[in-house]
Q: 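Okay, here's the structure, questions in a sec.
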Amino acid sequence: MLYPDVLLRNAKLSDAQSIALLLSYYAEKNLMLSKTPELIIEGIRNFVVAESNGKLIGCCAVSFFSEELAEIRSLAVKENWRGKGVGKILVEKAEEILKDEGIRNAFALTLNEKFFAKMGYQKVEKSKFPQKIWRDCLGCSKIMQCDEIAMEKRL
């Protein structure tokens with residue numbers, strides 16, 4: 001790890017508000033979708049967080065689609081911690097969780113193709129993930145003009 005004072009851990013219910021605030025910061029910049037604290041609480045066991053000096057500085061979640069396929073999602077790092085390896089260690093931790101569950105393929109929908117390419121993900125067509133489209137995308141305000149790039153990695 002790049003910083004000895006950065007701790008990775010499973011998210012707790014008490015993190016929901018901080019996660020929601022972090023996601024909404026990037027949602028306001030049109031870089032990701034926001035999530036309410038209630039939605040985060042529903043899926044809290046799927047989140048990992050990074051903290052420094054007791055403050056949340058990043059988050060990442062996994063979403064399972066089948067016994068072989070899962071998504072890396074809701075990856076966000078506080079602005080002043082970006083470019084310092086926090087996103088990388090969050091994704092690595094999420095991939096470790098997926099491997100422990102027997103997941104063979106991970107994917108992400110992202111606006112940061114370069115980041116995921118460095119992590120070993122390959123660009124693919126979004127249509128490769130109809131489960132994602134049916135479960136999450138149909139209710140999205142960007143459904144007709146989605147600008148996210150689908151990236152996939154064999155774990």
Q: Checking the side chain of Lys84 only, and the main-chain atoms of Asn80 only, is there a donor and an acceptor separated by less than 3.5 Å?
A: yes
Q: Evaluate the side-chain proximity of Asn53 to Asp5: yes if any heavy-atom separation is below 4.5 Å, no if none is.
A: yes
Q: Judged by modelled atom types alone, do Glu113 and Tyr121 share a side-chain donor-acceptor pair under 3.5 Å?
A: no
Q: Test side chain to side chain contact (heavy atoms under 4.5 Å, CB included) on Lys126 and Phe107; report intermediate values, then the result.
A: CA-CA 10 Å; Lys126 282 184 273 225; Phe107 75 95; over 6 Å; no
Q: Could you check whether Lys78 makes a cation-pi contact with Trp81, meaning its NZ or CZ is under 6.0 Å from the centre of the six-membered ring and within 45° of the ring axis?
A: no
Q: How many angstroms lie between CD in Glu79 and CD1 in Ile57, if you round to the nearest 0.5 Å?
A: 13.0 Å
Q: Applying the 4.5 Å side-chain criterion to the ILVMFWY set and letting contacts propagate, would Leu39 and Phe65 be lumped into a single cluster?
A: no
Q: Quick check: closest heavy atoms across Ala16 and Pro37, and the distance to 0.1 Å?
A: CB-O, 3.9 Å
Q: Do Arg73 and Val62 make a side-chain contact, defined as non-hydrogen atoms from C-beta onward lying under 4.5 Å apart?
A: no
Q: Taking the side chain as every heavy atom from C-beta outward, state whether Leu98 and Phe64 have any pair of such atoms under 4.5 Å apart.
A: yes
Q: How long is the straight-line distance from OG1 of Thr110 back to CE of Met32, given to the nearest 0.5 Å?
A: 8.5 Å
Q: Roughly how far apart are Ile44 CD1 and Lys12 NZ, rounded to 0.5 Å?
A: 11.0 Å
Q: Please determine whether salt bridge (charged side-chain N to carboxylate O under 4.0 Å, His left out) holds for the pair Lys93 and Glu96, giving the CA-CA distance in whole Å, both sets of side-chain angles, and the decisive distance to 0.1 Å.
A: CA-CA 5 Å; Lys93 179 64 175 171; Glu96 181 182 308; 3.3 Å; yes
Q: Contact between Asn10 and Phe47 at the side-chain level, heavy atoms closer than 4.5 Å - yes or no?
A: no
Q: Let me check something: do Leu21 and Val48 share a hydrophobic cluster, defined by ILVMFWY side-chain heavy atoms less than 4.5 Å apart, either directly or through other members?
A: no
Q: From Leu8 CG over to Cys59 SG, what is the distance, rounded to the nearest 0.5 angstrom?
A: 12.0 Å
Q: Grab the two heavy atoms, one from Leu109 and one from Glu148, that are nearest each other, plus how far apart they are.
A: CB-OE1, 3.5 Å
Q: Judged by atom type as modelled, is there a donor-acceptor pair below 3.5 Å linking the side chain of Ser66 to the main-chain atoms of Leu69?
A: yes
Q: Check the pair Asn105 / Glu152 against side chain to side chain contact (heavy atoms under 4.5 Å, CB included), numbers first and verdict last.
A: CA-CA 7 Å; Asn105 291 307; Glu152 182 181 35; 3.9 Å; yes
Q: Is there side-chain contact between Val77 and Arg82, with heavy atoms separated by less than 4.5 Å?
A: yes
Q: Run the numbers on Ile149 and Lys123 for side chain to side chain contact (heavy atoms under 4.5 Å, CB included), then give the verdict.
A: CA-CA 7 Å; Ile149 299 159; Lys123 186 175 177 179; 3.8 Å; yes
Q: Can a salt bridge be assigned to the pair Arg9 and Glu51 using a cut-off of 4.0 Å between side-chain N and carboxylate O?
A: yes
Q: Just so I know, are the side chains of Glu68 and Ile103 near enough to count as touching, which here means a heavy-atom distance under 4.5 Å?
A: no
Q: A side-chain contact here means heavy atoms from C-beta on lying under 4.5 Å apart; do Ile19 and Leu56 qualify?
A: yes
Q: Between Lys99 and Glu95, is the closest basic N to carboxylate O distance under 4.0 Å?
A: no
Q: Is it the case that more than 12 heavy atoms not belonging to Gln122 sit under 6.0 Å from its CD atom?
A: no
Q: Return the CG to NZ distance between Asn112 and Lys114, rounded to the nearest 0.5 Å.
A: 8.5 Å
Q: Identify the two heavy atoms, one from Leu90 and one from Ala76, that lie closest to each other, and give their separation to 0.1 Å.
A: CD1-O, 4.3 Å
Q: Does any part of the side chain of Leu23, heavy atoms only, come nearer than 4.5 Å to the side chain of Ser74, both counted from C-beta?
A: yes
Q: Between Lys88 and Lys118, is a side chain to side chain contact (heavy atoms under 4.5 Å, CB included) present by the stated rule, with each step listed?
A: CA-CA 9 Å; Lys88 179 180 186 285; Lys118 284 183 189 174; over 6 Å; no
Q: To the nearest 0.5 Å, what is the distance between CD1 (Ile40) and CG (Leu13)?
A: 11.5 Å
